[in-house]
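For reference, the structure is listed below as structure tokens.
Count residues from 1 along the sequence. Since the structure is predicted, the reported quantities are computational estimates derived from the model, not experimental observations.
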Amino acid sequence: MVIIQLIYFNNIIYMKKLSSQIDISILEKAKILEMITNYIVKYTNSKHSCYACNIIENVLVLGAINSSSLNLARNYQYEILKDVNSKFHNLLSKKLTKVKFKIIRNPSI
């Protein structure tokens, strides 16, 4: 995926690859989080209710838009951990041992 930034300067439009400006590890982490978000849809039955927000050390941070979606994901937290560790073991540097849950306000921003 190539992300391009348009810069308007002195009535001239310049195009610059943003991927050259962003550290590659951040892009890889975003790709992994997107894949995990798409994978946990099978537990929450809604693509827009629960999101993989971050991976900090051995903790997967999941965010939900409301408490009912959060509780649904919390009910399946051990299955989510087991499946994410087995399916994404080659992409993750460490085995995930815990899931942390947060309510997020506006995930579309």
Side-chain angles (χ1 to χ4, degrees):
M1 172 172 55
V2 176
I3 302 171
I4 298 174
Q5 177 184 20
L6 296 176
I7 302 169
Y8 187 73
F9 182 71
N10 290 337
N11 294 329
I12 300 173
I13 297 176
Y14 298 97
M15 292 176 29
K16 179 170 62 170
K17 278 188 180 181
L18 269 184
S19 56
S20 64
Q21 304 296 318
I22 300 174
D23 187 19
I24 192 71
S25 64
I26 295 172
L27 294 174
E28 289 174 356
K29 188 173 185 179
K31 181 180 174 185
I32 292 169
L33 290 172
E34 180 185 17
M35 292 167 60
I36 292 173
T37 298
N38 292 335
Y39 186 74
I40 60 175
V41 168
K42 77 178 203 176
Y43 295 105
T44 60
N45 295 326
S46 175
K47 190 169 186 169
H48 303 291
S49 66
C50 193
Y51 301 88
C53 297
N54 203 355
I55 298 173
I56 303 169
E57 295 178 8
N58 295 347
V59 179
L60 173 64
V61 180
L62 293 180
I65 58 172
N66 54 35
S67 60
S68 63
S69 299
L70 189 75
N71 286 332
L72 185 60
R74 187 176 283 134
N75 290 337
Y76 293 108
Q77 67 180 327
Y78 297 110
E79 289 84 2
I80 290 172
L81 267 179
K82 182 179 147 191
D83 286 352
V84 167
N85 279 326
S86 65
K87 184 160 176 77
F88 301 107
H89 73 278
N90 56 349
L91 296 174
L92 299 171
S93 60
K94 300 176 184 177
K95 183 178 178 183
L96 301 176
T97 58
K98 186 177 176 183
V99 179
K100 190 174 183 179
F101 297 95
K102 299 271 185 180
I103 292 184
I104 50 180
R105 299 271 184 230
N106 193 355
S108 61
I109 293 177

- Message: Does Lys82, at its NZ atom, have more than 12 non-hydrogen atoms belonging to other residues, nucleotides or ligands within less than 6.0 Å?
- Response: no
- Ile36 and Ile104: same hydrophobic cluster, using ILVMFWY side-chain contacts below 4.5 Å? no
- Item | ILVMFWY network linking Met35 to Leu27, side-chain heavy atoms under 4.5 angstrom | no
- Message: Using 0.5 Å steps for rounding, measure from the OH atom of Tyr51 to the OG atom of Ser49.
- Response: 7.5 Å
- Check whether any side-chain N or O of Asn85 sits under 3.5 Å from a backbone N or O of Lys95 as a donor-acceptor pair, and report yes or no. no
- Would you call the rings of Tyr76 and Tyr43 parallel, tilted or perpendicular if under 30° counts as parallel and over 60° as perpendicular? tilted
- Separation between CD1 (Ile80) and CG (Leu60), nearest 0.5 Å, reads 8.0 Å
- Heavy-atom closest pair, residues Thr37 and Ala52: OG1-N, 2.9 Å
- Evaluate the criterion side chain to side chain contact (heavy atoms under 4.5 Å, CB included) for residue pair Lys42 and Asp83; output intermediate values, then yes/no. CA-CA 11 Å; Lys42 77 178 203 176; Asp83 286 352; 3.6 Å; yes
Below 3.5 Å, can you tabulate the donor-acceptor pairs from side chains in residues 61-74 to any protein atom, sequence neighbours excluded?
{"residue": "Asn66", "atom": "OD1", "partner": "Ser68", "partner atom": "OG", "Å": "3.1"}
{"residue": "Asn66", "atom": "OD1", "partner": "Ser69", "partner atom": "N", "Å": "2.9"}
{"residue": "Asn66", "atom": "OD1", "partner": "Ser69", "partner atom": "OG", "Å": "2.8"}
{"residue": "Asn71", "atom": "OD1", "partner": "Arg74", "partner atom": "NH1", "Å": "3.1"}
{"residue": "Asn71", "atom": "ND2", "partner": "Ser67", "partner atom": "O", "Å": "3.3"}

- Once you round to the nearest 0.5 Å, how far does CZ of Phe88 lie from CG of Leu33? 10.0 Å
- Look up atom CG in Leu91 and atom CD1 in Ile55, then write down how far apart they are to the nearest 0.5 Å. 9.5 Å
- Note on the structure: For Glu57 and Lys94, the nearest pair of non-hydrogen atoms, with its separation, is O-CD, 4.0 Å
- Query: What residues, two or more places apart in sequence or in another chain, satisfy salt bridge (Lys or Arg N to Asp or Glu O under 4.0 Å) together with Lys29?
  - Reply: none
